[in-house]
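Reading through the C-alpha cells given below for one structure.
Whatever order the structure lists ligands and atoms in, that order sets their numbers, starting from 1.
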Amino acid sequence: MGILNVTPDSFSDGARFEKPNQALSHAESMVREGADIIDIGGESTRPGASEVTIAEEIQRVVPLIKPIKALGCLVSIDTSKPEVMLTAAEAGADMLNDVRALSLSGALKAAQQTQLPVCLMHMQGKPRSMQNAPQYKDVVAEVTAYLKSRIIACREAGIADNLISIDPGFGFGKELQHNLTLLNHLTAFQSFGKPLLVGLSRKSMLGQITGREVGQRMAASVAVALLAMQRGAKIIRVHDVAETNDVRKIFLATQN
Ligand code: PT1
C-alpha cells in the first residue's frame, strides 16, 4: 500500500503533493514501483495534527479517485468522516482506512452502506494529544480487546465480517516501548483470522531507534516492513514502494 498524502501538513511529505497533478504523478510512480493499493489521505493524523473540514477533505481526496484507479491499482481512502466515506465510495473507492475504527458518529452506518472493505485501526486518544503520556498495563491485550470490540460493533452494524482488516496503529498513542512490544508480538493479531495491515514507514519510533531524521529512515522502514511480513502482516503501508517491494519479493522467494 503506497501512501499518498494530500494534506498540507503531513509529517514526511507535507505540501509536496498538494496539487492534484503532483499527487497523480506520485501515485503513478508508486504503482509502477509495485503498489497494489494507493491510500489517499486528506486529513493528517500524525501526532499533533489539526483537523480539517468535511468539504475540504472531500475536495482534496475525491477528485483523485478515478484517475488513480485508472492506473490499475486499488484505491483506499484514509478517513474517519462518514460523509467522505460515502462520497469516496460513489466516486469508485475500493477500501476505507479509518484510524478511528469507525468510531465517529455515523461512520459505522456509512461504511455499511458502502459495502466496502474497511481497515479498523487502534489509537489511544486523539491525534492532537495522543503522544502526551500514553499508558497501558498490557499494550497487546488492550489493543487486541479494542479491535475485538470494534469488530463486534461492525458486525452489529451489518458490516460483513469478511470485509474487515485490522491494524494495531503504530505511533498512535504509543511510546517507543509500546510500539516495540506490539511489533514483537505482531503474530498475536493473527488470531483474528483477518488481514493485518501495518504502518511503520518513516515513523518517529524509527528515528528514536536509529537517531535519523524523517527523510533518512528508508532502511529502518524496510527493515521493519520485513519483520512485519515475517510476523504475518498482509498489507504494508509505506512511502518507499520500490524498496519495500524488493524486500517483499525476497520474503516471498524465501518462504519454504
Ligand atoms: C497507520 C497509519 C494510517 N498511519 C493505518 N492508517 C498514518 N491503517 C496514517 C510518528 O510517530 O499506521 N495505519 N494512516 C500516519 N500516522 C502517523 C503516526 C505518522 C505516527 C507518523 C507518526 O512519526
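Between Asp94 and Lys69, at least one side-chain nitrogen of the basic residue sits less than 4.0 Å from a carboxylate oxygen of the acidic one, meeting the salt-bridge criterion. Under the 4.0 Å criterion applied to side-chain N and carboxylate O atoms, Glu56 and Arg60 are assigned as salt-bridge partners.
Of all atoms in ligand 1, listed by their number and element, those nearer than 4.0 Å to a heavy atom of Thr45 are 9 (C). Short contacts between ligand 1 and Gly199, defined as distances under 4.0 Å to a heavy atom of the residue, involve ligand atoms 12 (O). Shown in contact with Asp167 at under 4.0 Å from a heavy atom are these atoms of ligand 1, numbered in order with element: 1 (C), 5 (C), 8 (N), 12 (O), 13 (N). Below 4.0 Å from some heavy atom of Leu197 lie the following atoms of ligand 1, by number and element: 8 (N). Here is the list of ligand 1 atoms found below 4.0 Å of a heavy atom in Val99: 3 (C), 6 (N), 14 (N).
In this view, Arg128 and Ser50 satisfy the side chain to side chain contact (heavy atoms under 4.5 Å, CB included) rule, not counting sequence neighbours.
The nearest non-hydrogen atom to atom 4 (N) of ligand 1, considering only Gln208, Lys203, Met121, comes from Lys203. For atom 7 (C) of ligand 1, the choice among Glu43, Arg237, Arg46 with the nearest heavy atom turns out to be Arg237.
The shortest distance between side-chain heavy atoms of Leu71 and Met30 does not fall below 4.5 Å.
Donor-acceptor pairing under 3.5 Å is recorded for the side chains of Asp98 and Ser80. For the residue pair Glu57 and Thr79, a side-chain donor N or O sits within less than 3.5 Å of a side-chain acceptor on the partner.
Residue Pro47 places a heavy atom less than 4.0 Å from ligand 1.
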- [ ] Please lay out, stage by stage, how Glu51 and Lys126 fare under the test salt bridge (Lys or Arg N to Asp or Glu O under 4.0 Å).
- [x] CA-CA 10 Å; Glu51 290 172 23; Lys126 297 189 160 119; over 6 Å; no
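Within the structure, every pair that satisfies the side chain to side chain donor-acceptor pair (under 3.5 Å) test and touches residues 104-123, not counting sequence neighbours, is listed here: His122-Lys174.
Heavy atoms of Leu200 found under 4.0 angstrom from ligand 1: none, in either backbone or side chain. Contacts between Asp39 and ligand 1 below 4.0 angstrom, taking non-hydrogen atoms only, are absent altogether.
For ligand 1, one of its N or O atoms has an N or O atom of Asn97 under 3.5 Å away.
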